[in-house]
Amino acid sequence: MGNMTREDIVQQLEQVRRDAEMALSQASNSEQISAWHSEYLGRKGQLTAILRNLGSLSPEERPQVGKVANDIKVALEAELQARQEAIASADLEAMRRAGSVDVTLPGRPQAPGKLHITTRTLRDIYTIFAEMGFQIYNSPEVETDEYNFQLLNMPPGHPARDMWDTFYTTTPGLVLRTHTSPGQAWAMREYAPEPIRVILPGKVYRYEAVDASHESMFYQVEGLAIGKHVTFSDLKGVLMNFANQMFGQGRHARFRKSYFPFTEPSVEMDIDCVICNGKGCPVCKNTGWLELLGAGMVHPRVLQYGGYDPAGFSGFAFGMGPDRMSLQKYGIDDIRYFFANDARMLERV
Ligand code: PHE
C-alpha cells in the first residue's frame with residue numbers, strides 16, 4: 001500500500017468494523033464464529049493487516065490510530081461474546097423445542113415388576129405349611145419308572161398306571177414325572193427312620209389334550225408326614241388349617257372316599273366354592289364344591305419301600321394343584337395363560 005494518511009487508515013478501520021459487525025450478525029454457529037474471528041481479529045485478520053501500515057504515519061499519529069484500532073478490537077470482542085451467548089441460548093431453545101430436553105414434560109410411569117401368579121401362589125402355600133413345620137424338599141422332574149410308579153405301589157402292568165397319561169422318553173425306563181408323589185420315596189429314603197414333615201413342590205407333566213383347564217405341564221405341591229403316631233385326624237387338621245389360611249376362615253370342606261395305589265384309605269378333599277360360597281355357579285359346575293386335592297394315609301408297602309417299618313410308623317400324604325387354585329383365587333378363566341409368555345397376564349392381576 002502506498003502512502004496512507006491517518007484519515008485513510010481510520011476510515012479503513014471504521015469500514016472493517018462495519019463489515020465485521022455485519023458478518024457477526026449473520027454467524028449462527030460455532031464454526032462460523034471461529035471463521036469470523038480469524039477473518040477480523042486473528043493474527044492474519046483484517047484488523048492486523050491495516051495496522052501493518054502504521055509505518056507511513058508520523059510518530060505522533062501512530063498512537064492515535066493505534067488507540068482507534070484498539071477500541072475497535074475491544075468493541076468487536078465484546079460483540080463477539082454477546083453473539084456467542086445468543087447462539088448458545090438459541091441452540092438450547094431449539095433443543096428444548098425438538099423435545100430432547102423438555103424438562104416441563106411429566107415423567108413416564110414405570111410399570112413395577114410383578115411376581116408370576118404361580119410364584120405367588122406357591123409362596124403362599126410354602127408360608128402356610130412352614131408355620132406348621134413343613135420343610136421344602138425338591139426331587140427330579142425326569143424320573144425312573146421305579147420312582148414314578150413302582151415305589152408307589154404300582155408294579156409294571158398295574159392298571160392304576162392309566163390314571164396318569166405319561167410322557168415316556170426315548171430312554172427306556174425314564175419318564176417325565178406325572179405327579180410329585182415320587183418325591184415321597186426320595187424323602188423317605190433320605191430320612192428313614194427319622195420322622196418327616198415336608199412339602200414337595202414342582203412341575204409335573206401329562207400327555208393331555210390341552211384346553212382351558214388342562215395343560216401338559218403344571219405344578220403340584222405334595223405333602224408328606226411320617227412318624228410313630230401320625231393319624232388321619234392329623235391329616236384332616238393340617239388340610240383344614242391350610243384351606244382356612246389359603247381361602248379364608250370359615251371354609252367348609254368335605255372328604256370323599258377315593259382311590260390311589262399309594263394311600264390307604266384315600267380321599268379327595270373339596271372346599272365350598274370360593275366364587276359362589278357353595279350356592280352353585282359355573283366355576284363349581286353348580287355343585288357348590290371345588291376339588292382341592294387328593295390325600296390319604298401312606299400305604300404300608302410304600303412305607304416299606306421307603307425304609308420305614310409299617311408296624312412302627314404311619315404317615316399321611318397329599319397332593320394339590322396350585323395352578324387350579326390360582327385360577328380360582330385370581331378369577332382367571334384359562335390355565336394356558338400361565339405359561340403363554342404374554343406379559344399382559346401379569347398386568348391383569
Ligand atoms: N399324586 C396324586 C395325583 O397326582 C395326588 C395324591 C398325592 C394323592 C398324595 C394322594 C396322596 O393325582
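We count ligands from 1, going down the list as the structure has it; atoms in each ligand are counted the same way. Every heavy atom of this structure was used, including side-chain atoms; hydrogens, water molecules and symmetry mates were not.
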Nearest non-hydrogen protein atom to atom 2 (C) of ligand 1, with distance, is F262 CZ, 3.8 Å
Looking at non-hydrogen atoms alone, which of Y259, F260, W164 comes nearest to atom 8 (C) of ligand 1? F260
Using a strict cut-off of 4.0 Å, indicate which atoms of ligand 1 neighbour a heavy atom of [X].
X	result
Q220	3 (C), 4 (O)
G319	6 (C), 7 (C), 9 (C)
G294	6 (C), 8 (C), 10 (C)

Hey, is [X] touching ligand 1 through its side chain, its backbone, both or neither, going by heavy atoms under 4.0 Å?
X	value
F318	backbone
S266	neither
M320	neither
E222	side chain

For the pair M188 and F313, evaluate side chain to side chain contact (heavy atoms under 4.5 Å, CB included) and give the outcome as yes or no after the intermediate values. CA-CA 12 Å; M188 285 191 270; F313 287 89; over 6 Å; no
Could you tell me whether the side chain of R177 and the main chain of P140 form a donor-acceptor pair under 3.5 Å? yes
D323 side-chain N/O to Y219 backbone N/O, donor-acceptor pair under 3.5 Å: yes
Counting heavy atoms not belonging to R301, are there more than 12 under 6.0 Å from its CZ? no
Would you call R206 a ligand 1 contact, heavy-atom distance under 4.0 Å? yes
Fit a plane to each ring of [X] and [Y], take the angle between them on a 0 to 90° scale, and name the class: parallel (under 30°), tilted (30 to 60°) or perpendicular (over 60°).
X	Y	result
W186	Y147	parallel
F255	F232	perpendicular
F242	F247	perpendicular

Assess the side chains of Q15 and D19: does a donor N or O sit below 3.5 Å from an acceptor N or O? yes
Please confirm whether T263 comes within less than 3.5 Å of ligand 1 when only nitrogen or oxygen atoms on both sides are compared. no
